[in-house]
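What follows is a set of notes on a single structure, which appears directly below.
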Amino acid sequence: MKLRRPRPFLTATISGALVLGALAGCSTAAAETTSSTSSTGTTTTTISDVATTTDDALADNEDYTDLAALADETWDTSDETTVSLDGDGATVSGDGATADGSTVTISAPGTYRISGTLDDGQVVVSSEADGLVRLVLDGADITSSTGSAIAVTQADDVSVVLADGSSNSLTDAATYEDTSEDAPNAALFSADSMVISGTGSLDVTGNANDGIASKDGLVIAGGDITVTAVDDGVRGKDFLVVTGGTLDVDAEDDGLKADNEDSTNDDGETVGYAALLGGTVTVASGDDGVHAESDLVIDGATVTVSESVEGLEGAHILVASGTVDVTSSDDGFNAAGGTSTTTDGAATTDDTATDTGTAQDSAAQPPADGEAPTGGEPPTSGTMPDGQPPQGGDGGGGAGGGGGMPGEAAGDFSLVITGGDVTVDAGGDGLDSNGTLTVSGGDVTVFGPTDGGNGTLDSAGALTVDGGTLLAVGTSSMLQTPGDGSEGWVAATFDTLVAGTELTVVDSNGNVVAEVTLTKDTQSVVLASADLTTGDTYTVQADGAEVTSVTAGEAG
């Protein structure tokens, strides 16, 4: 994809084929506030201003920084306890740990350097005293036939350090002996907060459930980590934060997940959030690529979701910087969760029915997350779907209006992009918010769906583009365009253009404003950029031939 100014500027290459010609700067102005509310019985939700910086987004969340700081602590190696693994047994040199056959038990705070191979055994941490338990994996290869390879059942905090130059491997059992509610359920498991750091490598295989899991907070600060799991790949309950390292996850369910559904902890701090603040994260998942029950923040990380049902999902999603490339069979980004209410008073739970634009018929029911919509047929090429477009507050204008199921109220959800390079290839909605959708910076490219039951852009509330660049191509069904407060934009629908076509948007002087090579059949384009002037005429071309002309600020 390429976006160009009509005058010469230095260009920059973005993930794949998108090239931006020094377009609009990254504004971080607050998103437009939608004043609508939704209620379910005794609970009323008011849509408020959304966070546009990482500090604001995480201000009310449970603090992760003290845990992350443990990764930077140094220690005296002469105080280490050495754990040497040897086939079906182990030896311990130092205090705080014992070996009983193939089980090593660590019972006190301290630093433990673990090396060697354990063919069928476990390292168990059960430390009641206050203080850090530091596990230095230095060429450790642990396999268990009964449960977790490493199981932290009790500790103050846990730091797992991957020693410089080391290669480590953890493999759990396919069936656990202890399947009680609070029992360990991951190859690397901690009942308490855990941070993983270092420069070594770690290969984790979760044969029964998750690969890496913490029932408290989890921070990944370093290391070259590969996770394969039959359920979730990497899971932190209260929070999951990545600040560095390389993380490659292949999971049959969610790739990365923060799954505390309590909303807040005992101190009133938000829990169930995920923050990718550095490092490189690659995910192939059978469900969500990255899932957060509350906030999902990306700032400075390189995130690639190569396979998913829904790529990135959270109640409030913020992309502030970094590179994000998402491929999904359903929604690429999905800001959803909790409950909202339709105008007839029927409550819908967004965790199980979050798609906000999946049918033309007002009597149709929204599909469950990750399921293909039913009952919606794509419109004839070059035509808009029958009936009135769904309305959703004061979002979108022109043909689109607000997204969402007809009659569905906007909820307290938000999708905000203030910077970074974002590319989405979605089989369902490309960018989907059950509340507001705001782009105020960065370069965003969306390859949307080809069927008529989804929209390339879909917000139940306001859709605002007041900075950066947004280029969205896909189906003409449920076309949504930027609303009040947005920069210049053009929108056009046309007869189907096949994959491989070079689509360009040209101004009245013949200058190419944007161009993109289509990766799938396409019936529409929406382009928002500071280079577009409301009221001016722009021409859409396919392989150099005119397709249609449109006026900026009006739906074509």
Side-chain angles (χ1 to χ4, degrees), residues 1-4 14-20 311 325-333 357-358 360 372-373 376-385 389 396 398-400 403 422-432 439 443-458 463 465 469-482 489-506 512-529 532 538-550 552 554-556:
M1 293 148 278
K2 295 183 180 178
L3 300 179
R4 296 180 179 173
I14 306 294
S15 178
L18 175 61
V19 177
L20 300 175
D325 192 337
V326 172
T327 301
S328 65
S329 61
D330 197 2
D331 300 341
F333 281 60
T358 53
Q360 306 297 328
E377 295 294 332
T380 303
S381 295
T383 66
M384 292 302 294
V422 178
T423 304
V424 177
D425 189 334
D429 297 329
L431 302 181
D432 184 1
V439 177
D443 302 313
V444 183
T445 304
V446 182
F447 295 97
T450 58
D451 66 80
N454 293 282
T456 304
L457 305 172
D458 184 6
L463 167 57
V465 184
T469 302
L470 171 64
L471 175 63
V473 293
T475 179
S476 60
S477 176
M478 311 186 79
L479 183 68
Q480 187 174 5
T481 58
W489 58 268
V490 295
T493 61
F494 34 77
D495 289 340
T496 299
L497 301 177
V498 298
T501 300
E502 187 79 5
L503 183 149
T504 55
V505 179
V506 180
V512 175
V513 179
E515 63 181 349
V516 59
T517 301
L518 303 178
T519 61
K520 60 180 79 172
D521 291 356
T522 298
Q523 300 169 341
S524 71
V525 59
V526 176
L527 171 67
S529 166
L532 301 177
Y538 294 85
T539 301
V540 179
Q541 299 177 345
D543 292 332
E546 180 175 342
V547 173
T548 186
S549 292
V550 292
E554 300 178 8

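The figures that follow rest on heavy atoms only: side chains count, while hydrogens, waters and symmetry mates do not. Source: prediction; values computed, not measured.
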Problem set entry | Stepwise side-chain hydrogen bond (donor to acceptor under 3.5 Å, both in side chains) check, Thr496 with Gln523 | CA-CA 5 Å; Thr496 299; Gln523 300 169 341; 3.3 Å; yes
Do you know the tightest heavy-atom contact between [X] and [Y]?
{"X": "Thr517", "Y": "Gly500", "result": "CG2-O, 4.0 Å"}
{"X": "Tyr538", "Y": "Ala552", "result": "CE1-CB, 3.8 Å"}
{"X": "Gly427", "Y": "Asn454", "result": "O-ND2, 4.1 Å"}
{"X": "Leu479", "Y": "Ala491", "result": "CD2-CB, 4.4 Å"}
{"X": "Ala426", "Y": "Asp330", "result": "CB-O, 3.6 Å"}

Look at the side chain of [X] and the backbone N and O of [Y], then say whether any donor-acceptor pair between them is shorter than 3.5 Å.
{"X": "Thr327", "Y": "Asp325", "value": "no"}
{"X": "Ser328", "Y": "Gly311", "value": "no"}
{"X": "Asp429", "Y": "Thr456", "value": "no"}
{"X": "Asp543", "Y": "Glu502", "value": "yes"}

Is there side-chain contact between [X] and [Y], with at least one heavy-atom pair below 4.5 Å?
{"X": "Thr450", "Y": "Thr475", "answer": "no"}
{"X": "Phe333", "Y": "Val444", "answer": "no"}
{"X": "Leu471", "Y": "Val525", "answer": "yes"}
{"X": "Pro482", "Y": "Val526", "answer": "yes"}

Seminar exercise, completed: side chain to side chain contact (heavy atoms under 4.5 Å, CB included) with Leu431: of Val326, Val424, Asp331, only one passes, and it is Val424
Problem set entry | Residue from Leu470, Val473, Val540, Val513 passing side chain to side chain contact (heavy atoms under 4.5 Å, CB included) with Leu527 | Val513
